[in-house]
Amino acid sequence: MNILTWNMQGSKGEADKQNVLINFLNKRFYDVICLQEASEVLGSYTKEVDSNAELKVYQSTNRHSLYTAIYYHWGKSNPRCSMITYIKNDLYKNAFLIKNNQKFKNTRGMVCVETQDSTYICNVHLISGEKVESTYSQFEDFKKQINEKKPHIIIGDYNINALMNREIIAPKFNFYDVGSPTHYNLTVPDSCLDYMYSSNQLRCTINKIGEPGYYSDHSPVQYVIPDKAIK
């Protein structure tokens with residue numbers, strides 16, 4: 001399974017980032033693309049095939065598209081912090097949202113997609129501007145809820161710098177990161193915020209697609225996982 005995660009906000013204009021995303025989809029290399037701060041689905045995704053109060057599921061009107069889009073609108077007015085998961089049609093089975101307990105009010109939920117082989121791919125964007133302990137506690141709450149289900153990965157923007165917090169974000173705890181900065185800003189110029197947790201130990205190849213700060217202040221990060229390795 002090939003999975004890409006990318007926080008799309010920051011740096012260049014929306015049109016540039018949309019073109020990069022379209023290129024990712026057109027390559028058809030990625031089975032799942034997990035986006036954070038993605039605002040809206042691409043313009044061709046207008047066919048709503050399922051929805052509830054929290055998630056909307058779209059298919060593209062482009063007959064050549066291989067992907068289903070799961071959209072989570074977050075934010076009362078401005079949707080810039082919304083999340084989207086694009087998954088290949090033949091892999092998609094179901095989608096649902098997991099919310100944190102009452103300790104974490106007004107925070108983003110976790111978008112979970114169930115694949116046809118009953119694996120959960122969870123798109124996460126943890127709280128920012130908090131102490132590491134608080135942010136990690138939010139992750140633990142998500143993990144506890146998904147652990148009651150099936151084999152899974154949790155991938156996205158953790159807002160915890162893996163390069164500086166190896167005591168908790170470490171391979172021995174089933175975290176996987178590229179080992180170099182994936183995020184850049186003026187206050188924390190060398191932070192690795194974008195990575196993956198797995199319910200099982202994995203052998204995977206990790207690649208950073210470009211440096212942070214060009215199209216976005218986050219780099220897209222690609223994970224290539226051998227078939228059935230998550231089981």
Side-chain angles (χ1 to χ4, degrees), residues 1-99 107-125 152-157 194 196 209-210 214-225:
M1 182 177 289
N2 299 326
I3 306 173
L4 188 82
T5 180
W6 188 23
N7 183 320
M8 294 182 68
Q9 285 296 339
S11 298
K12 283 197 171 184
E14 208 60 35
D16 295 309
K17 286 178 279 196
Q18 284 190 4
N19 289 334
V20 173
L21 176 57
I22 290 169
N23 186 49
F24 287 152
L25 293 171
N26 286 343
K27 282 184 176 180
R28 303 180 179 183
F29 178 73
Y30 303 104
D31 297 303
V32 184
I33 298 177
C34 294
L35 303 176
Q36 305 86 42
E37 301 197 48
S39 297
E40 299 286 352
V41 293
L42 291 170
S44 66
Y45 284 83
T46 57
K47 184 179 179 182
E48 189 173 323
V49 294
D50 192 16
S51 67
N52 54 47
E54 297 161 327
L55 296 180
K56 293 185 180 296
V57 181
Y58 295 99
Q59 290 182 343
S60 175
T61 54
N62 179 353
R63 62 187 179 90
H64 298 294
S65 174
L66 298 182
Y67 294 89
T68 296
I70 295 88
Y71 176 66
Y72 169 41
H73 181 119
W74 193 84
K76 292 182 178 179
S77 55
N78 187 347
R80 69 176 292 275
C81 287
S82 298
M83 299 166 66
I84 305 169
T85 298
Y86 291 91
I87 180 171
K88 284 185 175 177
N89 299 330
D90 59 353
L91 291 177
Y92 175 68
K93 182 178 181 181
N94 184 37
F96 57 96
L97 187 73
I98 289 181
K99 291 185 174 181
T107 56
R108 288 171 288 262
M110 182 168 68
V111 179
C112 302
V113 175
E114 183 181 7
T115 67
Q116 289 291 340
D117 66 355
S118 298
T119 297
Y120 289 93
I121 311 296
C122 304
N123 185 356
V124 71
H125 188 183
H152 59 274
I153 68 167
I154 300 174
I155 190 168
D157 179 358
D194 308 272
M196 181 179 75
I209 313 298
Y214 189 66
Y215 292 109
S216 166
D217 53 16
H218 290 254
S219 295
V221 182
Q222 168 201 343
Y223 289 81
V224 182
I225 304 169

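If you read the sequence from its start, that first residue is 1, and numbering goes on from there.
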Novice: C122 and M110: which non-hydrogen atoms are nearest, and at how many Å?
Specialist: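 C122 and M110 have their closest heavy atoms at CB-SD, 3.6 Å.
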Novice: Do I154 and M196 touch side chain to side chain, with heavy atoms closer than 4.5 Å?
Specialist: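 Side-chain contact under 4.5 Å: no.
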Novice: State, to 0.1 Å, how close H73 and S82 come at their nearest heavy-atom pair, and which atoms those are.
Specialist: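 Residues H73 and S82, closest heavy atoms: CA-OG, 3.4 Å.
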Novice: Can you tell me how far apart CG (D157) and CZ (R108) are? Round to the nearest 0.5 Å.
Specialist: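 Rounded to the nearest 0.5 Å, the CG-CZ separation comes to 7.5 Å.
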Novice: Could you check whether any side-chain heavy atom of I22 comes within less than 4.5 Å of a side-chain heavy atom of N26, counting everything from C-beta outward?
Specialist: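 I22 vs N26: side chains touch.
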Novice: Please check this pair: side chain of Q116 against backbone of Y92, looking for a donor-acceptor N/O pair closer than 3.5 Å.
Specialist: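 Yes; judged by distance alone, with no hydrogens or angles, the pair exists.
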Novice: To the nearest 0.5 Å, tell me how far L55 CG sits from M83 CE.
Specialist: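 Output value for this atom pair is 10.0 Å.
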Novice: Please list, chain by chain and in numerical order, all residues satisfying side chain to side chain donor-acceptor pair (under 3.5 Å) with N89, sequence neighbours excluded.
Specialist: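 Only T68 meet the side chain to side chain donor-acceptor pair (under 3.5 Å) criterion with N89.
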Novice: Could you grab the distance from atom CG of D16 to atom OG of S216, nearest 0.5 Å is fine?
Specialist: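 It is 11.5 Å, given to the nearest 0.5 Å.
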Novice: Per the salt bridge (Lys or Arg N to Asp or Glu O under 4.0 Å) rule, what does the pair list look like for residues 57-74, sequence neighbours excluded?
Specialist: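 Matches after skipping sequence neighbours: none remain.
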Novice: Does any N or O in the side chain of Y215 come within less than 3.5 Å of the main-chain N or O of G210, such that one atom is a donor and the other an acceptor?
Specialist: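 Side chain of Y215 to backbone of G210: no pair is present.
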Novice: Are the side chains of I155 and I3 in touch, meaning some heavy atoms are under 4.5 Å apart?
Specialist: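 The answer is yes, as the side chains (C-beta and beyond) meet within the 4.5 Å cut-off.
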Novice: Under the salt bridge (Lys or Arg N to Asp or Glu O under 4.0 Å) rule, collect the residues that match up with E40, sequence neighbours excluded.
Specialist: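 Not a single residue meets the salt bridge (Lys or Arg N to Asp or Glu O under 4.0 Å) criterion with E40.
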Novice: Find the distance between OG1 (T107) and NE2 (H125) and round it off to the nearest 0.5 Å.
Specialist: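 Interatomic distance, T107 OG1 to H125 NE2, rounded to 0.5 Å: 11.5 Å.
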Novice: Using a 4.5 Å cut-off on heavy atoms from C-beta on, say whether the side chain of D50 contacts that of Y58.
Specialist: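 No, too far: nothing below the 4.5 Å cut-off.
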Novice: Side chain to side chain contact (heavy atoms under 4.5 Å, CB included) with Y86: which of L66, L21, V113, I70?
Specialist: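 That would be L21.
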Novice: Looking at every non-hydrogen atom in both residues, tell me the closest pair between W6 and S219 and how far apart they are.
Specialist: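 Taking W6 first and S219 second, the nearest heavy atoms are CD1-C, 3.8 Å.
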Novice: For T46, what residues pass the side chain to side chain donor-acceptor pair (under 3.5 Å) criterion, not counting sequence neighbours?
Specialist: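 Per chain and number, T46 pairs via side chain to side chain donor-acceptor pair (under 3.5 Å) with no residue.
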Novice: Side chains of residues 28-37: which donor-acceptor partners sit under 3.5 Å, not counting sequence neighbours?
Specialist:
| from | atom 1 | to | atom 2 | distance (Å) |
| --- | --- | --- | --- | --- |
| R28 | NH2 | H64 | O | 2.7 |
| D31 | OD2 | N2 | N | 2.8 |
| Q36 | OE1 | N7 | N | 3.3 |
| Q36 | NE2 | T5 | OG1 | 3.2 |
| Q36 | NE2 | C34 | O | 3.4 |
| Q36 | NE2 | N123 | OD1 | 2.9 |
| E37 | OE1 | R80 | NH1 | 3.3 |
| E37 | OE1 | R80 | NH2 | 2.9 |
| E37 | OE2 | N7 | ND2 | 3.1 |

Novice: Holding to salt bridge (Lys or Arg N to Asp or Glu O under 4.0 Å), I want the full list of residues that pass it with K47, two or more places apart in sequence or in another chain.
Specialist: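 K47 satisfies salt bridge (Lys or Arg N to Asp or Glu O under 4.0 Å) with no other residue.
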Novice: Does the side chain of D117 come under 3.5 Å of the side chain of T119 through a donor N or O and an acceptor N or O?
Specialist: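 D117 vs T119: donor-acceptor pair found between side chains.
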Novice: For the atom pair CD1 (I84) and NZ (K56), what is the distance rounded to the nearest 0.5 Å?
Specialist: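 Here the rounded value is 13.0 Å.
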Novice: With the side chain counted from C-beta on, respond yes when S118 and K93 share a heavy-atom pair under 4.5 Å apart, and no when they do not.
Specialist: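 Yes. Closest side-chain heavy atoms under 4.5 Å.
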Novice: Any non-hydrogen side-chain atom of S39 less than 4.5 Å from a side-chain atom of Q9?
Specialist: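 Result yes, sub-4.5 Å side-chain heavy-atom pair found.
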Novice: Shortest non-hydrogen contact from N52 to E54?
Specialist: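 Reported closest heavy-atom pair: OD1-N, 2.7 Å.
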Novice: Measure from the ring center of F24 to the ring center of Y67 and say whether it is less than 6.0 Å.
Specialist: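 They do not qualify: ring centres at least 6.0 Å apart.
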Novice: Which pair of heavy atoms, one from Y72 and one from G109, lies closest together, and at what distance?
Specialist: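 In this case the closest contact between Y72 and G109 is OH-N, 3.0 Å.
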Novice: To the nearest 0.5 Å, how far apart are CG in L91 and CD1 in I121?
Specialist: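 The CG atom of L91 sits 9.0 Å away from the CD1 atom of I121.
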Novice: Heavy atoms only: give me the nearest P79-Y71 pair and the separation to one decimal.
Specialist: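 Shortest heavy-atom separation between P79 and Y71 comes out as CB-OH, 3.9 Å.
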